[in-house]
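Take a look at the structure set out below.
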Amino acid sequence: MDLLEYQGKQLFARHGVPVPSGSPATTVEEAVKAADEIGYPCVVKAQVQIGGRGKAGGIKVAKDRQEAETHSKAILGMDIKGHTVHEVWIEAASDIAAEYYASIVFDRSAKRPLVMLSTQGGMDIEEVAENDPDALVRLHVDPLLGFQDFHARRLAFEAGVDADVVRPLGALLTKLYDAFIKEEAMLVEVNPLIVTADRQVAALDAKVTLDDNSLFRHPDNASLRNVAAEDEQEQMARERGLTFVKLDGNVGILGNGAGLVMSTLDVVAQAGGSAANFLDAGGGSKAEAITSAVEVILSNPNVTAVLFNIFGGITRCDEVARGLIEAFDQIKPTVPFVVRLDGTNDVEGRKLLADANLPNVHTESTMLGAAKKVVELAG
Amino acid sequence: MDLLEYQGKQLFARHGVPVPSGSPATTVEEAVKAADEIGYPCVVKAQVQIGGRGKAGGIKVAKDRQEAETHSKAILGMDIKGHTVHEVWIEAASDIAAEYYASIVFDRSAKRPLVMLSTQGGMDIEEVAENDPDALVRLHVDPLLGFQDFHARRLAFEAGVDADVVRPLGALLTKLYDAFIKEEAMLVEVNPLIVTADRQVAALDAKVTLDDNSLFRHPDNASLRNVAAEDEQEQMARERGLTFVKLDGNVGILGNGAGLVMSTLDVVAQAGGSAANFLDAGGGSKAEAITSAVEVILSNPNVTAVLFNIFGGITRCDEVARGLIEAFDQIKPTVPFVVRLDGTNDVEGRKLLADANLPNVHTESTMLGAAKKVVELAG
Amino acid sequence: MAILVNNDTKLCVSGITGREGTFHTLNNKNYGTNVVSGVTPGKGGQDVEGIPVFNTFHDAVEKTGANTAMIFVPPRFAADSILEAEDAGISLIIAITEGIPAHDELRVYNHLATNPNVRLVGPNCPGILSPGKANVGIIPASFFSEGNVGVVSRSGTLTYQIGNELAQAGFGNSSIVGIGGDPVPGSSFIDIIAEFEADPETELIVMAGEIGGSAEEEAAEFINANVTKPVVAYIAGFTAPPGKTMGHAGAIVSGSAGTAKAKQEALEANGVRVGRTPTEVAQIAAEIAGSLKTA
Amino acid sequence: MAILVNNDTKLCVSGITGREGTFHTLNNKNYGTNVVSGVTPGKGGQDVEGIPVFNTFHDAVEKTGANTAMIFVPPRFAADSILEAEDAGISLIIAITEGIPAHDELRVYNHLATNPNVRLVGPNCPGILSPGKANVGIIPASFFSEGNVGVVSRSGTLTYQIGNELAQAGFGNSSIVGIGGDPVPGSSFIDIIAEFEADPETELIVMAGEIGGSAEEEAAEFINANVTKPVVAYIAGFTAPPGKTMGHAGAIVSGSAGTAKAKQEALEANGVRVGRTPTEVAQIAAEIAGSLKTA
């Protein structure tokens, strides 16, 4: 789960990472009130989960109330690369002497947290890493030992930060690591991490990705989910407990098991089609879950045909067939369905479908055959 | 550093270990006021760092204000095995269904924390361990991994605690481990750990030993030092930064290095004498430190002779000699001194002493010879 | 032979008294797996159709000699159960549980790495099947027969799909190992491929990877340097958009890292043939097996 | 030969720019120890009488090839410095610092135990002297000459006392190792005695223990089972009262555990002669050395 900038900063602040003071606002009135409280100059920042807000005009300095109002009006409701701005963050302006970069990522390959620091902050760090690899210092941390003072010093000295901020920067990194671990983040990124004119360090931006699987331990974080930014169909799927990703094509897909569904998308593409979604009905799906999944798939108006690709292990093909029959009964779909049932109770499942004689439902015996058929039907 | 029961309980409470509510009091008035606030029945408990308070009459239940006053009066000022009661702890009475035992010790041998649990609480646990070893479940914890839920379950199931308290007891142990680690304790002991009639668990007693070397990180804990209970001479030594232990004999001892001083005590004993103290003047002692140490040694009226046993490494024998000369100048001791100087600058040191011609100061060239001489002089 | 689970397996199931736990435990037992015990705290002394249940893994190991653990408890209890199994001396831990927090997995992985005597397979995996010998997990055994193809996969149903296609092409399996779709699998492709390389029964290795991470790329280099047996690979997720988690917590293309294309290229650059569909994997396997027989 | 420090030692001193650090570093250098560098964060680029100073151990190791570290920083920074030295690849860390918190030592010990390529000696120890080769620490080298007696001790000055008595009895030393008086020493008697057993130059081993813990008892059993060379022991603290810390944080009799008497009995029961005074230790050593020469 990705947090908005200000949610990330509030999370940082809970762990003692210094951040500029600020307030969120969803209306121009709230924004101006917040700006008055914070004082001028202040910064009006669009809260959307996408980079390049500054270039898109989503970050503006307001030197007085008049500007705070103008900027808030302009930014609230603005579209930034497909993301509508529903919220702004009003923040005290910072007097910036230097811009650094710091991040901690959950490094799957090394199986350790990876801490990175650079003095070349405020720009695209992937570019820095490419053009000047030495400018980005990388250090893995043994999670059982934790982040030690020597890690902080080594990062600071090797990155070549100003001598007078080695200590405060080290303290900031220690707290950032603490936030990463305690909040069970997959990523915490600060770009830029600023040194102010009075030689303080602070996180001027915050990018935080939390582990969805850990949210049961962090109810406060779970409530930060930005439902407004979420696709309606994905939201509907999530509420039904389905593993769903919306895609651009017109072939609705339902399968069981993430790998098989991914493979199904690929095979559909090879057959010349394009999937409208990823939907993993999961292991041991019961009829109701299947019915519910069909509803989600068909809620996408782009869908012109649907492919069921089931290889039953725990999932029983007869349950899938029952779910599909129930869905036809309830929803009465108008698009063609191609169904491939293999594995546990496949014979029973196919027989149920044959008996039901659903309109415009085609059964296929192989995954490849089913993919070709559905692409043909989707048009 | 050992804490008083109530200090230990307050420390426990900070980490969520359940303890009965209570208040400390140093006067009868305070005690009665506290008892009124807590309600009756309550318990008046002598706060001294020694076991067997109950048998000595230092723990009494007060069923009303009258009894609270009587008991507080009796207990405040009471002497328990040489410890004067300066403070009582007034605690809400508990309805006890079972008495368990739990402790965590810093196990030097295993280099791991050792967690122990028994259902035979409320009695001397060393006796339990001796008479019925299986009744005391012992489990080491990898400090890098920390105390896990499975450790708590294993302790609880193996100790055979009541099934309905496996979970709350596990939670208590987890918090107790947290306290042990976060407060850098050498020992936390709960005896008895009670199950109340309404099936809650709580620490009814608390024995906590903190690591003196860690107190710089725990200023709040450092301020808990029970100066009143400390020997006056030991307090004087501590304030002067000397490593000092008061003993029962009459030979004052000063040496450099803990091992050499211990060895000196032993050799004095072998020579038929008995040391009045352990005093390690430390590595690289300067003259002032030696002078200061002589003052501490002589503040014990039992001392009838003093042995200096110095093997100079970092410590320079000439500095020791200068310190002794200065001490004679300032304090004018009346007891005989035996001085053995060996090692760095020993020739210079001996010459300084010879030149100073201090009254009743005898130099010896070996540790054994010096020990024999001082025992002879001590009488 | 087969790898990891076989006739010497003595299985203890954590979460044996749960609905799913009981179902699959009995399923495994019916297949012939030697299920010696189960663990459910507070239910020690009970039994599940004759399989004794203990409060702790330590009890179960001491009293039933269990050497293999299957973890079937809910995600919030799974890390603790794995650590308990390791502490009790279990040498192979197979974690089926899906949805374990990533930081729990990190801690478990790094702790287990300090003990050379334990192997974790999973979590979020279908388990391990050695046809004709033992089945630990949820792999539907009926599709697979004994043979010489070792299969290792990040995905359950994809494994069945490929296994089924292999079976239709006439192949049986030495062992089928699901390593799971989580970000920090206890065992990697490399770990399992090394086992297959050392297993005399295995003549051909099939690996089924997917987007996310770099385990396939690392395996490619390992195979090139250390594996003498032929390896055929499949990668799922060519059409997955970046930044989206495709069902498995570990299946996500982050920026330009972890794409199916990069994995395919790494494998091919290291001499591993990659099938474009599960069917093609079976075809390539058949081709290689044919040449093995001629050779 | 000698053990642990010798002509191959390349020493890097943490805390080299402190008063004590500078003094003892130069002392060690003057003795002939190859001091290649020092570490003081923020003072990288400076030097201490020609010894280059670095900000991090990693820099010092990379640029000067240091293989041995001496830790001379104040207690609150010592654990971090030890961990840094280990992380930088130093294989021998000698920690002089006294007063390190016990939980820091616990964490350091358990972390270093996962790395088979590192040895920690100390903390709260006088260091290691291999007469004629290298001196790392604060042992006054002038009292000791090259020879065949290996000495290992929990106490600094007691070591000098015993070493001096040995010298007066005509013995030189292969190495003198102070393992320190703290509750969690990085190296135990067993670790060092095993080194002496393997060192061809060492013919006789003297160990000086004291009250507290069970390291001497464990060493006694180890000696009985594994050591062919004669061992003479001394134990300090027979007259120490229980429950009192006798200077060294580790020197405390807890209840009935850790007494000098128990240690003496354990050693004697395992065939180790125990001298009642430092002088008697030297006498026994002389006696044994005499019989070695006759044999």
Side-chain angles (χ1 to χ4, degrees), chain A residues 105-106 108-109 111-113 126 142-145 180-181 184-187 211-217 243-249 255-270 274-275 278-280 282-284 309-315 342-344 366-368 371, chain C residues 20 24 75-76 98-107 109-111 113-114 126 138-140 142-143 153-161 164 181 183-184 208 210-215 218 234-241 244-251 255-256 258 260 276-279:
Chain A
V105 307
F106 188 102
R108 297 168 49 160
S109 186
K111 275 100 175 168
R112 299 191 159 199
E126 296 216 357
D142 174 351
L144 296 179
L145 181 64
F180 177 82
I181 294 294
E184 306 193 56
M186 304 307 282
L187 166 74
D211 175 20
D212 284 2
N213 283 340
S214 77
L215 291 177
F216 70 87
R217 280 197 283 243
T243 306
F244 179 92
V245 178
K246 189 172 184 174
L247 300 170
D248 293 333
N256 63 322
L260 184 63
V261 180
M262 271 189 276
S263 178
T264 308
L265 307 187
D266 292 350
V267 173
V268 164
Q270 283 167 22
S274 177
F278 170 104
L279 192 156
D280 175 7
N309 185 20
I310 302 292
F311 197 101
I314 317 179
T315 304
D342 232 330
T344 310
T366 69
M367 181 166 158
L368 276 181
Chain C
E20 295 280 306
H24 291 288
R76 66 178 72 197
E98 180 178 356
I100 300 180
H103 280 258
D104 278 4
E105 293 184 2
L106 196 67
R107 218 159 42 89
Y109 182 92
N110 281 280
H111 176 67
T114 64
I138 62 175
I139 298 176
S142 59
F143 303 124
S153 171
R154 277 168 69 182
S155 156
T157 46
L158 189 53
T159 309
Y160 319 153
Q161 174 71 34
N164 197 40
V184 190
E210 61 192 32
I211 54 164
S214 55
E218 289 152 21
Y234 177 74
I235 304 292
F238 277 86
T239 49
K244 292 285 188 178
T245 304
M246 304 302 272
H248 285 156
S256 57
R276 281 169 61 249
T277 64
T279 313

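It should be emphasised that the depicted structure is a prediction, and the values quoted were computed from it without experimental measurement.
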Residue, of Glu210(C), Lys244(C), Arg276(C), His248(C), that accumulates the most heavy atom pairs under 4.5 Å with chain A: Arg276(C)
Pro101(C) versus chain A, heavy atoms under 4.5 Å apart: side chain, backbone, both or neither? both
Under a 4.5 Å cut-off applied to non-hydrogen side-chain atoms, are Met246(C) and Val261(A) in contact? no
Quick check on Thr243(A) against chain C: is it the side chain, the backbone, both or neither that has a heavy atom closer than 4.5 Å? side chain
Tell me, side chain or backbone of Tyr160(C) under 4.5 Å from chain A's heavy atoms, or both, or neither? both
If you tally heavy-atom pairs under 4.5 Å against chain A, which of Arg76(C), His111(C), Glu20(C) wins? Arg76(C)
What part of Arg107(C) is in contact with chain A, defined as an atom under 4.5 angstrom from a non-hydrogen atom: side chain, backbone, both or neither? both
Whatever's closer than 4.5 Å to a heavy atom in chain C on Ala185(A) counts as backbone
Any idea which of Ala208(C), Ala113(C), Gly250(C), Ala260(C) has the most non-hydrogen atom pairs under 4.5 angstrom with chain A? Gly250(C)
Turns out that what part of Phe244(A) lies under 4.5 Å from chain C's heavy atoms comes down to neither
Would you call Met367(A) and Thr277(C) a side-chain contact if the rule is heavy atoms closer than 4.5 Å? no
Under a 4.5 Å cutoff for heavy-atom pairs, which residue among Gly249(A), Pro143(A), Pro113(A) has the most contacts with chain C? Pro143(A)
One should read off an interatomic distance between Gln161(C) CD and Thr366(A) OG1, to the nearest 0.5 angstrom, of 8.5 Å
Locate the shortest heavy-atom distance separating Phe143(C) from Gly343(A); write the atom from each residue and the value. CZ-CA, 3.0 Å
For chain C, find which of Ser274(A), Gly312(A), Ser263(A) contributes the most heavy-atom pairs closer than 4.5 angstrom. Ser263(A)
Gap between atom CZ of Phe180(A) and atom NE2 of His103(C) - 0.5 Å precision: 4.0 Å
Contact part of Ile139(C) toward chain A, heavy-atom cut-off under 4.5 Å: side chain, backbone, both or neither? neither
Correct closest heavy-atom pair for Ser109(A) and Glu218(C) would be OG-OE2, 2.6 Å
Where the side chain of Asn213(A) meets the backbone of Ala102(C), is there a donor-acceptor pair that is under 3.5 Å apart? no
So which heavy atom on Arg112(A) is nearest to which on Asn110(C), and how close? NE-OD1, 3.7 Å
At a heavy-atom separation under 4.5 Å, does Ile181(A) approach chain C through its side chain, its backbone, both, or neither? both
Most contacts with chain A, counted as non-hydrogen pairs under 4.5 angstrom, among Ala251(C), Ser155(C), Gly247(C), Pro183(C): Pro183(C)
Contacting region of Asp266(A) [heavy-atom separation from chain C under 4.5 Å]: both
Options Asn164(C), Thr159(C), Thr279(C), Thr114(C), ranked by heavy-atom pairs under 4.5 Å with chain A, top entry: Asn164(C)
Thr157(C) side, atom OG1; Asp342(A) side, atom CG - distance, nearest 0.5 Å: 12.0 Å
Can you tell which part of Arg217(A) gets under 4.5 Å to a heavy atom of chain C, answering side chain, backbone, both or neither? side chain
Checking Thr245(C) against chain A: side chain, backbone, both or neither under 4.5 Å from a heavy atom? backbone
Counting only non-hydrogen atoms closer than 4.5 Å, does Phe311(A) touch chain C with its backbone (N, CA, C, O), its side chain (CB onward), both, or neither? both
Contact part of Leu144(A) toward chain C, heavy-atom cut-off under 4.5 Å: side chain, backbone, both or neither? side chain
So, do Asp211(A) and Glu105(C) sit near enough that their side-chain heavy atoms are less than 4.5 Å apart? no
